[in-house]
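Encoded as structure tokens, the structure appears first; notes follow it.
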Amino acid sequence: VQLQASGGGMAQAGDSLRLSCAAPDSTFSSYGLGWFRQFPGKDREFVAGISWNLGSAVYADSVKDRFTISRDNAKNTVNLQMNSLKPEDTAFYYCAADQKPIAFWPRYEAEGQISYWGEGTLVTVSS
């Protein structure tokens with residue numbers, strides 16, 4: 001099972017980009033969906049996640065008030081709207097799916113327990 005991420009690219013500081021991720025079928029309507037990112041030479045870190053029933057969204061402090069996560073269960077997609085981009089947002093972004101509570105995803109990722117991943121999409125922000 002592979003999640004399909006798209007929308008990465010190059011931007012300048014202050015610009016916006018939108019990442020999208022498609023799940024293969026409606027099974028994932030009952031999964032939390034979210035995004036992690038990985039800086040060169042660093043471990044992957046949690047960015048944002050949204051519960052399966054749209055009941056809650058969780059953000060990393062570094063992106064709060066700049067990034068917005070949304071999902072469309074009819075289309076099996078999750079999106080990450082990234083505004084006010086900064087050079088320090090430059091990273092590979094990975095979408096993820098799991099049925100565990102979103103709030104604990106950083107711990108689960110560190111333990112290798114996130115169930116499904118997409119391939120990374122590169123976001124490069126220049127100053």
Side-chain angles (χ1 to χ4, degrees):
V1 175
Q2 186 77 21
L3 306 174
Q4 297 290 333
S6 61
M10 300 183 68
Q12 293 191 325
D15 285 351
S16 299
L17 283 175
R18 183 179 176 88
L19 304 182
S20 294
C21 178
D25 57 55
S26 61
T27 301
F28 289 85
S29 62
S30 65
Y31 279 66
L33 297 174
W35 295 89
F36 288 78
R37 65 185 180 185
Q38 188 168 23
F39 306 110
K42 302 289 187 180
D43 292 334
R44 204 153 36 188
E45 69 174 32
F46 176 78
V47 176
I50 187 167
S51 63
W52 69 273
N53 61 355
L54 310 181
S56 61
V58 180
Y59 296 92
D61 288 343
S62 58
V63 306
K64 202 172 293 184
D65 299 327
R66 298 188 299 123
F67 292 10
T68 302
I69 190 169
S70 62
R71 65 184 292 167
D72 184 335
N73 284 342
K75 298 180 179 179
N76 305 319
T77 57
V78 60
N79 301 304
L80 186 68
Q81 178 66 40
M82 304 185 295
N83 298 331
S84 302
L85 283 163
K86 304 176 180 180
E88 50 264 44
D89 294 318
T90 295
F92 278 97
Y93 285 72
Y94 298 86
C95 60
D98 201 280
Q99 291 184 310
K100 301 180 186 64
I102 296 290
F104 299 104
W105 275 26
R107 186 186 81 189
Y108 291 129
E109 191 280 333
E111 296 174 349
Q113 295 185 27
I114 297 296
S115 297
Y116 299 102
W117 292 97
E119 294 183 354
T121 184
L122 179 61
V123 171
T124 304
V125 184
S126 59
S127 58

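Since we're looking at a predicted model, the values are computed, not measured.
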Point to revise | Nearest-0.5 Å distance that lies between atom OG in Ser6 and atom CD in Glu119 | key: 12.0 Å
Point to revise | Carboxylate-amine/guanidinium proximity below 4.0 Å for Asp61 and Lys64 | key: yes
Practice item. Check whether any side-chain N or O of Gln38 sits under 3.5 Å from a backbone N or O of Lys42 as a donor-acceptor pair, and report yes or no. Key: yes
Study note, to complete from the structure: The reported gap from CG in Leu17 to CE in Met82 (rounded to nearest 0.5 angstrom) is 4.5 Å
Exercise for review: Kindly assign one of parallel, tilted or perpendicular to the pair Trp117 and Tyr94, based on the angle between their ring planes and the thresholds 30° and 60°.
Suggested key: perpendicular
Review point. Taking only residues two or more places apart in sequence, or in another chain, which ones meet Asp98 in a side chain to side chain donor-acceptor pair (under 3.5 Å)?
Key: Lys100, Ser115
Point to revise | Shortest non-hydrogen contact from Ser16 toward Gln81 | key: CB-NE2, 3.8 Å
Practice item. Verify the neighbour count for atom CG of Asp25: are there more than 12 heavy atoms of other residues, nucleotides or ligands below 6.0 Å? Key: yes
Exercise for review: Find out if a path of hydrophobic residues (ILVMFWY) with successive side-chain heavy-atom gaps under 4.5 Å connects Trp35 to Trp52.
Suggested key: no
Exercise for review: Just do the ring pair (Phe, Tyr, Trp, His ring centres under 6.0 Å) check on Phe46 and Tyr59 with the steps written out, would you?
Suggested key: CA-CA 8 Å; Phe46 176 78; Tyr59 296 92; 8.5 Å; no
Revision key, fill the gap. Paired with Phe67, the side chain to side chain contact (heavy atoms under 4.5 Å, CB included) test is passed by just one of Val47, Asn83, Leu19, namely Val47
Review point. Any sub-3.5 Å donor-acceptor pair from Asp15's side-chain atoms to Ser84's backbone N or O?
Key: no
Review point. Rounded to the nearest 0.5 Å, how far does CD of Glu88 lie from OG of Ser127?
Key: 10.0 Å
Point to revise | Nearest heavy-atom neighbours spanning Gly120 and Phe92 | key: C-CD2, 4.2 Å
Point to revise | Flag side-chain contact, heavy atom, 4.5 Å: Thr90 against Val123 | key: no
Revision key, fill the gap. When every non-hydrogen atom of Ala97 is compared with those of Ile114, the smallest separation belongs to O-CG2, 4.0 Å
Check your understanding: Is the Phe104 ring parallel, tilted or perpendicular to the Tyr108 ring (thresholds 30°, 60°)?
Key -> perpendicular
Practice item. Indicate the atoms forming the closest heavy-atom contact of Ala48 with Leu80, along with that distance. Key: CB-CD1, 4.1 Å
Practice item. Please list all pairs passing the disulfide (SG to SG under 2.5 Å) test where one or both residues lie in residues 64-127, with sequence neighbours left out. Key: Cys21-Cys95
Review point. Counting only N and O atoms by type, is there a donor-acceptor contact under 3.5 Å from the side chain of Arg107 to the main-chain atoms of Ala103?
Key: no
Check your understanding: Should Leu85 and Phe39 be counted in the same cluster of Ile, Leu, Val, Met, Phe, Trp and Tyr side chains packed under 4.5 Å apart?
Key -> no
**Study point:** Contact summary for Ile102 and Pro106, nearest pair of heavy atoms
**Key:** O-CD, 4.1 Å
Check your understanding: Between the main-chain N or O of Ala110 and the side-chain N or O of Arg44, is there a donor-acceptor pair closer than 3.5 Å?
Key -> no
Check your understanding: Would Ile50 and Ser56 satisfy side-chain contact (heavy atoms from CB on, under 4.5 Å), going step by step from the backbone distance to the final call?
Key -> CA-CA 6 Å; Ile50 187 167; Ser56 61; over 6 Å; no
Practice item. Go through the steps for Met10 and Leu122 under the test side-chain contact (heavy atoms from CB on, under 4.5 Å), then give the verdict. Key: CA-CA 8 Å; Met10 300 183 68; Leu122 179 61; over 6 Å; no
**Study point:** Test item: side-chain donor near acceptor, Thr77 and Asp72, under 3.5 Å
**Key:** no
**Study point:** Full working for side-chain hydrogen bond (donor to acceptor under 3.5 Å, both in side chains) between Arg37 and Ser62
**Key:** CA-CA 12 Å; Arg37 65 185 180 185; Ser62 58; 3.3 Å; yes
Check your understanding: Side chains of Phe28 and Asn73: does their closest heavy-atom pair fall under 4.5 Å?
Key -> no
Review point. If every non-hydrogen atom of Arg66 is compared with every non-hydrogen atom of Asp89, which pair is closest and at what distance?
Key: NH1-OD2, 2.7 Å
**Study point:** N/O donor-acceptor pair under 3.5 Å between Thr121 side chain and Gly8 backbone
**Key:** yes
